[in-house]
Each structure stands twice: as C-alpha cells, then as structure tokens.
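Data first, discussion second: the structure below is written as structure tokens.
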Amino acid sequence: MYEHDVVVVGAGGAGLRAAIAAQEAGADVAMVSKLHPVRSHTGAAEGGINAALRDADSWEDHAYDTMKGSDYLGDAPAVEALCRESPEEVIRLEHWGMPFSREDDGRVSQRPFGGLSFPRTTYAGAETGHQMLHTMYEQVVKRGITVYDEWHVMDLAVTDEDDPAERTCHGVVGYDIQSGEVSGFRANNGVILATGGMGQVFDHTTNAVANTGDGVAMAYRAGVPMEDMEFIQFHPTTLPSTGVLISEGVRGEGGILYNEDGERFLFERGYANNDGELASRDVVSRAELTEVNEGRGIEDEYVHLDMRHLGEERILDRLENILHLAEDFEGADGLTEPMPVKPGQHYAMGGIETNEHGETAIGGLYAAGECACASVHGANRLGGNALPELIVFGKRAGRHAAGEELGEAKIETGRSGDWQPADYEFGIEVGETGRPDTAAADGGAVAADAESVVGAAADRAQERVEELLSRDGRNHAEIRSKVQETMTANVNVFREEGRLEKTLADLRETREAYKDIAVSDPSRTFNTDLIHTIETRNILDVAEALTMGALAREEFRGAHWRKEHQERRGCARAWHLAPRPLP
Amino acid sequence: MAERYSSFQKGGRMWLLQRVTAVFLLVVLAFHFFLLHFVHHADEVSFLASRGRMESLSYYSLMITFLVTATFHGVNGVYNALINQGLTGTKRTVIKWTLVAASVVLIVQGIRTANAWAGIGLY
Amino acid sequence: MSQSYNRGLIEDFGRWREFEAGMWAWIFHKFTGWVLIGYLFTHIAVLSTGIPAAGATEAAVSAGNDVYTQTIVSLEGLLLVRVLEVGLLAVAVFHMLNGTRLLLTDLGIGLGAQDKSFYASLILTGAITVASVPTFIAGAF
Amino acid sequence: MSTQIPKQTEESTETDAKTEPASKGDERRAEKRRRAAERREQRQEEAAEKAADDESTVELKVFRYDPQIEGKQEPRFDTFHVPFTKGMTVLDALMYARDTYDSSLTFRHSCRQAVCGSDAMFVNGGQKLACKTQIAELDEPVRVEPLPHAEGRKDLVVDMEHFYDQMEAVEPYFQTNEFPDGELEEQRQDRENREKIKMSTRCIWCGACMSSCNIAAGDNEYLGPAAINKAYRFAMDDREGEEIKQKRLEIIEQEHGVWRCQTQFSCTEVCPKDIPLTEHIQELKREAVKNNLKFW
Ligand SMILES: Cc1cc2nc3c(=O)[nH]c(=O)nc-3n(C[C@H](O)[C@H](O)[C@H](O)COP(=O)(O)OP(=O)(O)OC[C@H]3O[C@@H](n4cnc5c(N)ncnc54)[C@H](O)[C@@H]3O)c2cc1C
Ligand code: HEM
Ligand code: SF4
Ligand code: F3S
Ligand code: FES
C-alpha cells in the first residue's frame with residue numbers, strides 16, 4: 001500500500017494544477033493516472049482560456065457572460081471564483097513559461113469568442129491546451145512530485161455508513177497497467193478526482209478513448225450526488241470517422257453546409273433563416289441531425305461542409321490547418337471536395353457535485369475539472385471556460401485538500417432533501433449499480449480505520465481482477481458499443497420521453513449482460529482488455545445517471561432539448577440527480 | 001537526473017576541429033588531386049619529381065599540415081563513429097589510445113618520407 | 001520482469017528501402033570517410049618506399065631506378081590500381097561534396113533542401129568521376 | 001498558422017493569421033502535403049484497379065509478443081483483414097481488429113487526433129503516428145510493429161521510461177531570475193521570439209524521432225532529438241535571461257548532448273508535428289561554439 005497526504009487521480013489540466021497547489025501548501029502529494037500526464041486530453045483543447053486580464057475588461061463582465069451562457073443555471077459563488085481567479089492563474093501559467101501568443105507590445109494575446117462581451121480568450125496558437133498541459137507537467141517535474149503513471153484507478157476506498165453524507169474517503173485502489181499489481185493508495189488528507197470527460201458514453205465524440213468518465217462513475221457508486229448530468233454539449237462539425245473537431249472558423253470564413261440534395265439546408269429548410277451556418281451550436285447540430293434523420297444525409301450519416309468556393313488562396317491562408325485535419329484524419333481534400341461533418345459529443349457540463357472548494361458530499365473526497373460540477377457552466381458552457389475551470393478549481397481543491405483554510409464554502413453539497421431526482425417517477429426500474437466494490441467489507445464497520453478501509457477495498461479489487469481474468473464470458477467491446485449505440489440514438493441532441501425510457505431499459509439489460517463479462521487476455525502486463533472491461537462498467541454507470549437526468553429535467557434548456565417540453569421552466573435553480581441508493 | 005550530464009566535454013572543441021580541418025582539407029585535397037593526377041599524370045610519378053616539389057619549403061609545410069589535419073580528421077571521425085555506436089568504458093579507452101598511437105605512427109612515418117624527399121637528414 | 005525483445009541491426013538496415021535522403025547521405029559519408037582514412041594509411045605506407053629511395057645513388061634516381069619510382073610505376077601499370085584510383089576519386093569527391101553539404105548544414109544553411117543537396121552531391125560526384133576517367137586511365141595501356 | 005479552433009469567430013482567425021506567419025515548419029507541411037497528394041493519386045489509381053478485384057479489405061500484419069503468455073513469447077506476426085472505409089487510419093484499423101478479432105491485441109492510444117503522442121509505431125518501415133496515418137496511402141499488406149530501439153513490452157507497446165528520462169534530463173521547465181514586479185505583471189516576450197520557439201513547443205513526446213535516430217540507437221545516453229528540442233525551447237526563450245541560458249548550453253553540451261548528432265535528418269523526417277529538429281540541434285551547436293569561443 002502506498003501512502004501520501006493527498007492523492008490526485010488523473011493528471012490532466014485539473015489534476016496537475018491540484019497536485020502543484022497541494023504540494024505548495026506543504027502536502028506530500030502523489031498523482032495516479034492511467035495515462036502518462038502529457039497524454040491527457042487537456043492537450044486537445046485549442047481555442048483558449050478566458051480571463052479578464054485587460055484594464056478595459058473586468059471579472060464581473062466575465063461572470064455575467066458565463067451566467068448568461070449557462071442559461072442562469074450556474075452557481076454564483078463558483079462562477080465568481082472562476083472569473084475572479086482566472087486572471088491570476090493565467091498569469092501564473094505565463095510565469096511558468098507557457099508560450100502564449102503575443103501582441104506587439106509583448107503582452108499575451110486575447111481573441112474574441114462566442115458569447116463573450118470582450119475578447120478575453122487568451123490563447124497559444126491553436127494548441128492552447130497542449131501548451132497548458134505541458135507547462136504544468138514541467139512544473140510537476142521541477143517539483144519532483146510523485147507520479148504513478150499508467151496506474152488505472154479502479155475505485156474509491158470509502159467507509160460505508162448508510163447516509164452517504166457521513167462517509168469518508170480514505171484513498172483509492174489502483175491497478176498498475178504494466179505489472180498487473182493491485183494496490184491501495186492511502187490518502188491521509190484527501191483524494192482529488194480529476195479524471196476528465198466522459199465522451200466515450202457516446203459513439204461519436206471529440207473526446208479521447210480514455211475519457212470514460214471513471215471518476216464520475218466511482219463517485220456515483222460511492223454515493224456522491226451527480227449534478228446536471230443531462231447537459232451535454234454537442235459540436236456540429238466533427239469528422240465522421242474519428243470525431244476530430246473542425247473549427248467554427250470554417251463557417252466563420254464562409255463555409256457552407258449542404259445536405260445530400262445539395263441544399264443549403266439551414267436556409268432552405270428554415271432552421272436558421274437569419275444566421276444560417278453561423279447559428280449557435282445547438283441549432284446547427286439539431287438541423288444537421290434532422291436532415292440525416294429525414295433521409296437527406298450523405299450515406300445516412302453526415303452532411304457536407306464545403307469551403308471550396310472560398311478559393312485555394314484564402315483557404316491556404318486562413319484555414320490551412322483544416323486541410324491537414326481533413327486529410328490526416330478523414331482522407332478528404334478540402335480543396336477539391338466538401339468535407340464530411342456531423343455533430344459529436346464534446347463536453348459534459350455536469351458531473352460530480354462539488355462546492356467552490358472542490359469538496360464533494362463525502363468527507364475527504366474532492367473533484368475538479370471536467371469530471372466535477374462546481375456548476376459554472378450550468379446548461380451550456382461558453383467556449384474557453386473549461387480551461388480556466390481546470391486551473392482555478394484544480395488549485396482550490398489542491399489547497400483545501402492539503403489543509404489550507406479557504407473559508408466557509410457558500411455552495412452546499414449533498415442537500416439530502418434534493419436527492420431524489422426532482423419529483424420524477426421513473427416508469428421503469430433502473431438497473432442496479434451495486435455497492436462500490438471497495439466499500440469496507442463488513443457493513444457495520446463504521447469506525448473502521450483508514451488502513452483497513454483501503455486494504456479491504458484493494459482486496460476486493462484484486463478479487464474482481466482475478467475473477468475477470470479467470471472466467472469465461474462476453475467481451476467488453478460488444479457491451480460498450482451497445483451502450484454507445486443506444487445513447488447516441490436516444491440521448492443525443494434530441495431527447496424524447498419514450499426513447500429515454502427505452503434507453504434506461506436498454507441500459508438495464510446491458511447491465512445484466514455485463515454481469516457475465518470476462519477478459520480473454522490472461523496477461524498481467526498491459527492488459528488493455530481488462531482495463532477496457534473495467535472502464536465499460538464506468539461507461540454504463542455514467543450513461544445511466546445521464547439518462548435519468550435527461551428524463552427528470554422536463555424542460556428545454558441550454559443544451560438539453562426535450563420533445564415534450566419545449567418550454568423553459570421558470571425556476572432558476574437546478575435540481576440535482578440522486579445517485580442510486582445502495583441496496 | 002543530474003548525473004546524466006556530469007561528464008562535460010569541453011565545448012565541443014573536437015566537433016569544431018573536425019569542421020575546421022574539413023574546410024582546410026577541402027581546399028588542400030582538391031589541390032592535391034589536381035596536382036598529382038591532372039597537372040602531373042599518375043604514370044609520370046618519380047622520386048625525382050617528388051623530390052623536386054618537396055624541396056620547396058612551402059610545399060613541404062603544406063604537405064605536413066595536410067598529413068596532420070587529414071590524420072586528425074580521419075581518426076577523430078572514426079573515433080566519433082565508434083562512440084556513436086555506443087563505445088564506452090575500458091573498451092573505449094583502449095580504442096582511443098590505439099587510435100592515437102596509430103595516428104602518431106602515421107604522422108611520424110609521413111614526416112620521415114617527406115624528409116627523405118626534401119633531403120632533410122631526419123628520416 | 002518482462003524480457004526485452006531487441007530487433008537490433010536487422011531493424012536498422014533491414015529497412016533500407018525506407019531510408020530517406022539524409023540517412024543515405026549519412027551512410028555514404030561514413031563509408032567514404034572510412035575508405036579515405038584507410039587509404040591514407042596505405043598511401044603513406046606506399047610512399048614510405050621513398051625513404052630507402054633517398055639512400056639510392058643519384059644516378060639511379062635520375063634513371064628512375066630507385067625503389068620508390070619502381071614501386072609506383074609498377075603499381076600504376078596495373079589496370080586494377082587505375083580502376084581503384086577512379087573509385088578513390090569518386091569516394092573522395094563524394095566525401096568532399098557531401099562534406100561541404102554538412103558544413104553548410106552546420107552553419108544552418110539549406111536545411112530545407114538537404115535532400116536536394118544530397119542528390120546534387122551524388123550527381124556531381126558521378127559527373128566528375130566520369131569526366132576524369134580518361135585522365136586517370138591515361139597511359140595505363 | 002492554426003489548427004482547428006473550436007469556438008473562434010471570423011476576427012480571431014485573422015488575428016491568428018497575422019500573429020503567426022508561415023514558418024519553416026509550415027513550408028515543410030506544405031511540401032509533405034504535396035507529396036501526400038501525389039501518393040494519393042497514385043493510390044487512387046491502384047485502388048481503382050483493386051476494386052475490380054473485389055478487394056475492399058485491408059490486410060494488416062501486426063507484430064505480436066507477450067513475455068508472459070506461452071506461445072506469444074516468441075515474437076510473430078498476426079494477419080488481420082479489416083474492411084476498408086474511406087478515411088480509415090492505421091489506428092482505426094487496429095481498433096477494428098482488436099474489437100472484432102482479438103481483444104488481446106495491445107497498443108497505446110487515446111486522443112485519435114495526434115495530440116497525445118501515445119501511438120507512435122513502426123508502420124511499413126517508418127515511424128508513424130497510427131492515428132495520423134491514412135491506410136489509403138500505404139502499400140499493402142500494412143506491417144505494424146512497435147517502435148524500434150525501444151524495449152518491447154507487449155505487442156505494439158514499448159517501454160517509454162528511457163525516453164521520459166532523457167526528456168527530463170534537460171531540466172525541462174521554465175527558469176528565470178528575472179521576474180516581473182507585480183503578481184499580475186507578465187513577462188513580456190516579443191513576437192519574433194515566440195515565433196522562434198513556436199515549432200519547438202509542439203512536441204507531443206511520441207518518441208518517433210528518438211526511434212528513428214541511429215545515433216540514439218547506438219548510444220543509449222544520447223539525449224536524442226526530442227530532449228534537445230526541449231532544451232532548445234527553453235534556451236531560445238528570451239524570458240529566461242542570459243544566466244540561465246549559460247546553464248542550458250552546458251546541459252546540451254554534455255558529452256552525450258548535441259555533439260553526438262550527425263545530422264541524419266531522420267528525426268525531422270518522421271516528426272508528426274513537423275518540428276525542424278535537425279535545424280534546432282544545429283542551431284544549438286552553433287550557439288554552444290559561439291559561447292565557448294568567448295572563453296578561448
Ligand atoms: C477537442 C476539444 C477541444 C477543446 N477546446 C477547449 C477550449 O478551447 N477551451 C476550453 O476552455 N476548453 C476546451 N475543451 C474542454 C477542455 O479541454 C476539457 O474539458 C479539459 O481539458 C478537461 O481536463 P481535465 O483535467 O478535467 O481532464 P483530462 O485532461 O481529460 O485528464 C483526465 C486525466 O485523468 C486520468 N484518468 C482518467 N480516468 C482515470 C482512472 N480510472 N485512473 C487513473 N487516472 C484516470 C487520465 O489519465 C488523465 O490524466 C476542449 C475539449 C476538446 C475535447
Ligand atoms: C576534402 C574535404 C573533406 C571534407 C569537407 C570533409 C568533411 C567531413 C565532415 C564534415 C565530417 C563530419 C561528419 C560528422 O561528424 O557528422 C567528416 C567525417 C569524416 N571524414 Fe572527412 N572530410 C574531408 C576529407 C576527409 C579525408 C581526407 C579523410 C580521410 C583521411 C576523411 C575522413 C573522414 C572520416 C573517417 C570521417 C568520419 C566518418 C564517420 O562519421 O564515420 N575526410 N568529414
Ligand atoms: S520531436 Fe516530434 S517525433 Fe520527437 S517526440 Fe516530439 S513530436 Fe514526437
Ligand atoms: S536523426 Fe539523429 S543524428 Fe541528429 S539529425 Fe536527428 S538527431
Ligand atoms: S492517439 Fe493520440 S497521438 Fe495518436
């Protein structure tokens with residue numbers, strides 16, 4: 001068993017920032033990550049980081065924009081923290097050497113972004129996330145922070161009081177991908193989940209293959225409330241075969257979307273008579289899918305994004321990178337043919353409920369980054385607001401976990417009263433997540449000491465690994481793609497009650513099927529078959545929570561479209577979705 | 001980490017010397033080839049002719065420098081190539097001194113030959 | 001733990017079909033450099049016959065009857081030696097031209113055209129070699 | 001120059017284009033593009049011929065090895081037939097083979113968009129990022145092997161520890177003694193300087209360059225092109241100041257540093273991020289010589 005003051009799960013932007021903050025606050029900190037830190041998906045972010053740096057700008061304006069973008073579902077204390085602290089965090093990155101793009105006077109450049117009242121998106125070329133990730137990893141190297149890379153965290157080690165709010169998290173259980181060793185990681189002060197997005201719940205996403213929502217699922221099983229899971233952002237122009245993002249810049253420059261009949265459908269079919277291609281993401285995504293659903297999609301799958309009419313010179317000048325993307329990842333030549341695009345899952349606004357210090361309802365358990373929901377994005381995220389979230393809340397969680405005093409949190413977590421998913425009666429019994437594998441072995445051991453909680457959790461995980469490796473059964477790929485299919489068909493951009501319910505039923509069935517899952521590769525080294533099998537359960541848990549949220553939210557708000565409920569409800573506050581009560 | 005760059009080799013001096021000698025050789029080797037194959041033909045070589053050339057001090061010193069630089073350049077090149085293939089430890093020390101010895105022999109022998117032509121007593 | 005699997009040399013040169021210009025240049029330069037230093041040693045060895053020759057009588061020297069002149073003349077009389085000399089020229093010319101290319105590379109000049117300059121070195125080497133054949137072979141028959 | 005930018009507006013593209021004029025790397029990209037286009041045309045012709053033979057599948061020959069599994073300890077090649085779809089990359093084909101035929105087929109991958117650097121492999125005799133390599137541009141059968149000159153762990157997975165050690169040996173983090181006064185004060189950097197280091201900051205630690213370099217293969221302690229490039233990224237950053245630069249030069253001048261490089265250019269050829277590695281190494285050599293001449 002390994003022991004540290006603070007254990008950070010995940011080494012993307014949020015995890016790295018949390019680890020650095022905890023270390024600066026004097027804690028002995030370790031990061032446990034299934035990927036080497038520089039492989040984290042933060043590296044894929046391109047656009048930029050919003051921060052009110054200029055005299056003419058103010059954090060209040062940024063907060064206002066964010067609130068408006070969130071469709072007024074953001075939590076004010078969290079939004080305030082984000083916008084107030086983003087400038088100092090961005091400058092800190094600059095002091096750590098992050099190579100931002102520069103103005104003539106040598107200051108960092110900023111650019112306009114959708115939904116912002118001031119051009120405050122600070123960027124580093126078209127690879128902001130890459131630069132940010134690497135800059136922070138460099139600081140981790142400098143500080144000599146321990147990194148357990150290629151360790152897959154399987155579950156949390158949490159005490160098992162009946163009321164989740166009384167539970168305490170004492171650590172995690174990790175599986176060393178290289179050696180096959182299962183080991184507990186005891187955290188004396190706190191565990192910080194920073195496991196990133198959950199895009200793999202859908203079959204078409206801009207997210208990485210590793211973004212399987214592990215942290216969310218682990219917290220869910222441990223009894224932490226999930227918040228706003230139903231709010232998923234879909235991006236209208238992603239490449240069909242890989243999900244690689246084609247920037248809005250193409251449409252900004254005058255790129256046109258066509259359906260199979262060669263119609264400029266946004267106008268000709270009346271989806272957006274004023275803005276056409278430049279309408280907001282949700283509108284364009286829905287329009288594209290409607291075309292495909294009504295049989296006017298190309299190969300029944302995608303539409304065409306055409307920029308040929310802009311002329312070779314202009315394309316090479318402004319959009320050369322797009323040519324490379326289309327060519328490298330789709331084998332399409334944007335100069336001579338239209339590029340295929342379709343909507344893809346892009347970002348999860350919701351996640352593990354936290355307050356503005358990153359604390360969850362369970363003692364000693366924190367979350368930050370895309371897997372968390374301190375609730376700054378509400379029903380829709382503004383472009384460029386995710387990266388500042390990583391550094392601001394990563395830092396806060398790190399400090400708090402290391403024992404630094406940050407004052408009383410204004411946001412409450414785990415409001416017991418709100419725990420049922422509003423007043424919604426699910427027409428169907430949802431599947432059973434079961435207890436977390438890793439809860440202390442004996443139900444009664446409320447006062448169990450940390451050591452035995454983590455030890456017992458590790459033993460269970462070990463047992464599970466042995467069982468998966470030794471038995472015969474189904475393969476994860478089949479189950480994973482079933483989940484992805486049903487989610488993409490029914491909980492995508494369009495959501496209808498009947499189909500959401502059907503999805504819950506499908507998921508339940510899949511959960512049954514998962515019970516006889518097995519790993520066919522018996523190897524103890526780099527057994528990705530095993531890792532994918534473990535991840536598949538996380539995908540299942542996340543998919544279920546997401547679908548329940550989508551059913552429970554009976555309104556059309558932000559990114560969440562409901563066929564039967566085309567109105568926005570009056571109430572401003574989000575309700576929170578309850579996790580499955582433990583049996 | 002730190003131990004990775006503990007053994008500094010002074011400023012890539014050898015690297016630079018390799019380039020400097022290359023520049024020198026470029027000129028002299030061209031001259032050498034030209035003189036001995038195009039101006040004087042290979043089948044016309046004789047001790048007498050060589051002696052005639054070598055008796056000029058400038059030609060003599062040019063040839064000695066040529067010899068020394070070429071030896072350095074060639075042997076250092078070989079040594080570098082071996083290091084690049086991962087030559088280390090005692091093997092490396094042995095080879096290094098063997099090469100140095102070979103170079104000394106080569107240069108000494110070359111000078112003796114030149115001296116013989118130039119009529120300098122030392123050979 | 002796990003034993004390693006090293007594909008070694010087979011990997012390095014078994015994929016020669018995939019080598020790009022820079023790699024070929026490196027191999028050729030290496031090869032020619034080694035040939036040249038090897039030749040330098042032989043060259044000095046042969047020339048060393050000049051040492052005993054210096055002890056020969058003035059008459060013998062004038063008549064070309066000294067060891068040195070004899071050795072050289074007999075060597076140059078062999079067609080094989082002449083052919084080898086042409087080879088040596090090719091080797092030297094390539095090493096010089098590519099050496100120049102490398103020196104420029106060190107100065108940061110023409111890195112973008114490194115493949116073209118390599119091909120140019122090759123072609124020039126060929127041209128110069130072919131052009132010198134008559135001179136080199138002259139008198140061999 | 002920019003790659004995809006998710007939420008940008010018209011103005012921002014302009015700013016971007018202004019800020020970052022075409023650089024050497026961009027030229028190389030253009031060159032590569034041209035070459036790729038030629039190859040593609042050629043392939044298309046061939047593909048047309050093939051279609052006649054009713055060949056819509058791709059034949060993959062994949063290196064298999066697992067030190068722990070009997071029968072896999074002796075390396076071998078497995079053949080997979082994968083249905084070809086337009087736009088299919090080597091990674092897509094591998095994933096298909098794994099999910100359809102053999103779930104124990106092991107390789108690292110994550111982002112599928114050439115930013116995480118997990119999936120550098122040896123494809124048809126060259127170091128490639130699997131996710132960035134179109135099947136349509138390759139000759140069949142497509143041979144996929146792990147990166148050469150790295151220890152094979154299992155199937156296509158190699159040990160990256162050595163590579164990471166080399167990367168971390170060059171003190172790969174920003175250092176300066178010249179901090180600006182205020183907390184919110186930036187360390188100004190002019191555009192030219194940012195432009196100068198731009199390409200060097202794009203490295204995704206894939207290890208392709210290191211694997212392609214024969215010097216690195218022979219001399220295990222050679223820092224290698226990626227680490228030297230990392231050092232370049234800091235040494236050339238004006239914000240660090242003169243004093244630190246001296247230190248940086250000492251690091252890259254160590255015995256197994258820049259002097260080992262023999263300008264093979266293989267690293268530059270294979271880098272999926274089009275970083276002009278040889279150029280950076282050469283520039284550092286010159287910096288180091290200049291620096292030393294001062295003391296002679
Ligand atoms: C294509 C794209 C473009 C984007 N562009 C922008 C933009 O321009 N501006 C912006 O603000 N936002 C952008 N975003 C959103 C933003 O990049 C992400 O929300 C953010 O990077 C998530 O960071 P993270 O640290 O939470 O997670 P990640 O960077 O995904 O890191 C997750 C970490 O957790 C680890 N991990 C996961 N599961 C486990 C486990 N079970 N055990 C151990 N470790 C685990 C992983 O190894 C990884 O290190 C973009 C997103 C995408 C996909
Ligand atoms: C005529 C002009 C010459 C030029 C311009 C030249 C140039 C160079 C250069 C630049 C290198 C360094 C390669 C590197 O380290 O990357 C080199 C290597 C070498 N040179 Fe020369 N050289 C010349 C003549 C010679 C001669 C006359 C000899 C033989 C005595 C010679 C033998 C070598 C050898 C053995 C190497 C090492 C090859 C290797 O890397 O294995 N060169 N040359
Ligand atoms: S320099 Fe290029 S090839 Fe080398 S590790 Fe970085 S991205 Fe990969
Ligand atoms: S391949 Fe190696 S020799 Fe130098 S130019 Fe690149 S590091
Ligand atoms: S999968 Fe990330 S670089 Fe290829």
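Since the model is a prediction, treat every value here as computed from it, not as a measurement. Numbered from 1 within each chain, the chains take letters A, B, ... in sequence-line order.
- Looking at Leu35(A) and Cys116(D), their side chains never come closer than 4.5 Å, going by heavy atoms from C-beta outward.
- Using a distance-only test at 3.5 Å, with no hydrogens or angles considered, no donor-acceptor pair links the side chain of Gln113(D) to the main chain of Val244(A).
- Shown here for His130(A) and Ile204(D), the closest heavy-atom pair between the two residues is CE1-CG2, 3.8 Å.
- With a threshold of 4.5 angstrom between heavy atoms, Asp66(D) approaches chain A through side-chain atoms but not through N, CA, C or O.
- For a residue to count as touching a neighbouring chain, one of its non-hydrogen atoms must lie under 4.5 Å from one of that chain's; by this rule Met95(D) touches chain A with the side chain only.
- Looking at Ile69(D), the atoms closer than 4.5 Å to chain A (heavy atoms on both sides) all sit in the side chain, from C-beta outward.
- Looking at every heavy atom in both residues, Thr528(A) comes nearest to Phe107(D) through CG2-O, 4.5 Å.
- How far CG of Asp529(A) is from CG of Leu105(D): 10.5 Å, rounded to the nearest 0.5 Å.
- For the pair Gln189(D) (side chain) and Gly106(A) (backbone), a donor-acceptor distance under 3.5 Å is absent.
- Of the residues considered (Met98(A), Gln139(A), Lys142(A)), Lys142(A) shows the highest number of contacts with chain D, using heavy-atom pairs under 4.5 Å.
- Taking CZ from Arg188(D) and CD from Glu103(A), the interatomic distance works out to 10.5 Å, rounded to the nearest 0.5 Å.
- Remark: side-chain polar atoms of Arg102(A) are not paired, donor with acceptor, to backbone N or O of Arg191(D) under 3.5 angstrom.
- Interface residue Glu185(D): only backbone heavy atoms are found under 4.5 Å from chain A.
- The pair Lys154(D)-Asp521(A) meets the salt-bridge criterion, since a charged nitrogen lies less than 4.0 angstrom from a carboxylate oxygen.
- Between Gln134(D) and Asp328(A) the shortest heavy-atom distance is NE2-O, 2.8 Å.
- No hydrogens or angles considered: a donor-acceptor pair under 3.5 Å links the side chains of Thr201(D) and Gln131(A).
- Minimum interatomic distance between Arg112(D) and Thr206(A) (heavy atoms only, all atoms of both residues): NH2-C, 4.1 Å.
- In this structure, Glu186(D) contributes its side chain and Val108(A) its backbone to a donor-acceptor pair below 3.5 Å.
- Under the 4.5 Å side-chain criterion, counting only non-hydrogen atoms from C-beta, Glu138(A) is in contact with Lys230(D).
- Ion pair Glu127(A)/Lys198(D) not flagged as a salt bridge, since none of the NZ, NE, NH1 or NH2 atoms sits closer than 4.0 Å to an Asp/Glu carboxylate oxygen.
- When heavy atoms are compared at a cutoff of 4.5 Å, Ser110(D) approaches chain A by way of both its backbone and its side chain.
- Contact of Met160(D) with chain A is made through the side chain alone, with heavy-atom distances under 4.5 Å.
- Interatomic distance, CH2 of Trp96(A) versus OG1 of Thr176(D), reported as 15.5 Å (0.5 Å rounding).
- Listed here is the closest heavy atom pair of Arg194(D) and Ser101(A): NH2-OG, 3.4 Å.
- A side-chain donor-acceptor contact under 3.5 Å links Arg39(A) to the backbone of Trp205(D).
- Side-chain contact between Arg143(A) and Tyr173(D): absent, with no pair of heavy atoms (C-beta onward) separated by less than 4.5 Å.
- From Thr100(D), atom OG1 reaches atom CG of Asn475(A) across 9.5 Å, with rounding to the nearest 0.5 Å.
- In this structure, OG in Ser103(D) is found 8.5 Å from CG in Asn527(A), a value given to the nearest 0.5 Å.
- Looking at Arg233(D) and Pro99(A), their side chains come closer than 4.5 Å, going by heavy atoms from C-beta outward.
- Between Asp190(D) atom CG and Arg107(A) atom CZ the span is 15.5 Å, to the nearest 0.5 Å.
- Counting only heavy atoms from C-beta outward, the side chains of Val141(A) and Pro172(D) approach each other to under 4.5 Å.
- Under the 30°/60° scheme for interplanar angles, the aromatic rings of Tyr164(D) and His36(A) are found to lie parallel.
- Here the side chain of Arg153(D) pairs no donor or acceptor atom with the backbone of Gln178(A) at under 3.5 angstrom.
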